[in-house]
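As structure tokens, the structure follows; a few thoughts come after it.
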Amino acid sequence: MEDSEILALFADPTRREAAFAHLVRKYQSKLYWHVRKMVVGHDDADDLLQDIFLKVWRALPNFRQDAQLYTWLYRIATNECLGFLTSKKRKFLLPMTDSGEELAALLEADESLSGDAVELKLQRAILTLPDKQRLVFNLRYYDEMPYEQMAEVTGTSVGALKASYHHAAKKIEDFMTRQD
Amino acid sequence: MQPFNLPPDPADEAADRAALPAFLRDRPRRSGLSEPPADYFDELPVRLLTRIRTEELARRKAAVPAFDLSRLRWPRLRLALASATLSAAFMGAFWLGRLAPVAGISTTVADTSLTQISGTELVEYLADPVTGSLSAADLTHLSSTDQAADATMLSLPSADLEAALEELPLDETYL
């Protein structure tokens, strides 16, 4: 179902829930992995994803269609992720620039990564990036999002995003070679 | 399905590929994190709708006021009722304010007791040479206070205090 059809269906109060179910089914997987890569653990990702979709439910009546629905959803998810990570650091008095050892511990506990030393090391390298840079790296490397769309999601200029991505790639390379 | 409305820019892709470490260039682009539980994505829409219904029901229950002016159809009546309610609230506050004592100036027990004694009795008591004059006993609390308190409170050198006291006229009646 196209976004415009979902939005038209949502405008009808009697079919609002059906429209929302379509929207969730269409975007849940993409948003889940976007969130999951930021918070690492499934439980946190599940909590956050539910909060994100509840915000979408409340805000969708006011959604202006000058932005693409997908970009708008990503923006909400991104803000929620960054807010979650910031509040977690405040709670545990961690430095505001990194995600700390807690996320690394979640990585170590992930069964899927336990048998793949290179993948685990790569994920650890990505975790050493500051949250916003990690977000940029994820959006560009894993989601292959065009920079113009990333600029809409993050509210950052295309030039700054390109610089951030290239710095991130260099840091990851340094981490991987240093640890060898 | 490619959800992005913009096509990938070949120049950006080439630059990004060059920036990546060699081992990342041709790797499958997946995070390697474990998959969510098997039915997670099948169940999520239902869980969300259940949560939405529960929260909306709770919100509606909490938001229903006893009397809602906005339900009235006629705007003038609505305005009149709102004004009357506000005026009544002000008048009530004013009326109650007059009745109740102002905070911090409450009537003391001593004041209440004095009102029960007639003026004549009070005058007679004060005019009596025995009861109406101060005795040494009435001044005992003065001698028990800290005599150096003023000097401490003023925090002036003792020489300055003595100089200031020297300048004051000495009246024998105070001795």
Side-chain angles (χ1 to χ4, degrees), chain A residues 3 17 20-30 32-33 36-37 40-42 45-46 49-50 53-54 57-58 68-71 74 106-107 110-113 116 118-120 122-123 126 138 140-149 158 162 165-170 172-174 176-177, chain B residues 1-65 68 70-73:
Chain A
D3 288 351
E17 289 191 358
F20 187 70
H22 279 296
L23 184 146
V24 173
R25 279 193 208 100
K26 185 173 180 180
Y27 290 114
Q28 61 183 353
S29 176
K30 280 274 180 189
Y32 171 82
W33 284 111
R36 178 79 186 275
K37 286 194 289 274
V40 181
H42 166 73
D46 176 38
L49 192 62
Q50 288 193 46
F53 275 121
L54 285 178
W57 167 266
R58 291 184 203 118
Q68 203 188 7
L69 181 62
Y70 187 73
T71 309
Y74 249 88
L106 286 170
L107 270 184
D110 194 302
E111 289 175 5
S112 181
L113 290 170
D116 190 342
V118 178
E119 186 62 43
L120 180 61
L122 171 62
Q123 293 304 319
I126 294 170
N138 288 342
R140 185 63 187 162
Y141 181 75
Y142 289 113
D143 298 345
E144 298 180 79
M145 188 182 274
Y147 279 115
E148 287 76 10
Q149 206 139 15
V158 168
K162 285 180 182 176
Y165 179 72
H166 288 206
H167 278 127
K170 184 76 178 69
I172 289 168
E173 186 173 22
D174 289 348
M176 297 297 281
T177 50
Chain B
M1 180 198 68
Q2 174 57 268
F4 309 115
N5 57 349
L6 298 167
D9 184 334
D12 284 343
E13 291 198 331
D16 286 355
R17 188 173 163 79
L20 282 176
F23 76 96
L24 278 181
R25 285 177 198 156
D26 299 315
R27 270 179 86 83
R29 297 194 177 193
R30 51 179 297 277
S31 68
L33 294 168
S34 59
E35 293 289 324
D39 297 331
Y40 179 70
F41 291 124
D42 292 332
E43 291 171 357
L44 186 63
V46 179
R47 285 168 61 204
L48 281 167
L49 286 173
T50 308
R51 200 172 147 187
I52 285 169
R53 283 178 197 151
T54 312
E55 287 185 6
E56 292 218 331
L57 197 65
R59 193 169 51 82
R60 274 187 210 151
K61 275 184 185 171
V64 173
D68 188 357
S70 65
R71 288 184 185 172
L72 288 174
R73 282 187 184 177

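Chain letters run A, B, ... following the sequence lines, proteins first and then strands; every chain starts at 1. In this text the structure is predicted, and so the values were computed from the model without any measurement.
At a 4.5 Å heavy-atom cutoff, the contact between B:E56 and chain A is made by side-chain atoms alone. With a 4.5 Å cut-off on non-hydrogen atoms, A:Q123 touches chain B through its side chain but not through its backbone. Heavy-atom distances place both the backbone and the side chain of A:R36 under 4.5 Å from chain B. Proximity to chain B is absent for every atom of A:I126, based on heavy atoms less than 4.5 angstrom apart.
Every residue two or more places apart in sequence or in another chain was checked for a salt bridge (Lys or Arg N to Asp or Glu O under 4.0 Å) with A:E173, and none qualifies. Annotation: salt bridge (Lys or Arg N to Asp or Glu O under 4.0 Å) contacts of B:R47 (sequence neighbours excluded): A:D46.
The choice from A:S29, A:A21, A:A45 that makes the most heavy-atom pairs within less than 4.5 Å of chain B is A:S29. Here B:D16 is the residue among B:D16, B:V46, B:D42 with the most heavy-atom pairs under 4.5 Å with chain A. Most heavy-atom pairs under 4.5 Å with chain B, from the set A:R58, A:K170, A:R140, A:H22: that is A:R140. When each of B:D12, B:L49, B:L20 is scored by its heavy-atom pairs under 4.5 Å with chain A, the top score falls to B:D12.
The CD1 atom of B:I52 sits 10.0 Å away from the CD atom of A:Q50 when rounded to the nearest 0.5 Å.
In this pair, A:Y165 and A:Y147 present their aromatic rings perpendicular. The plane angle is above 60°, beyond the 30 to 60° band. In this structure, A:F20 and A:W57 have perpendicular ring planes: the angle between them is above 60°, well past the 30° mark.
At most 12 heavy atoms of other shown residues, nucleotides or ligands fall within 6.0 angstrom of atom NE2 in A:H167.
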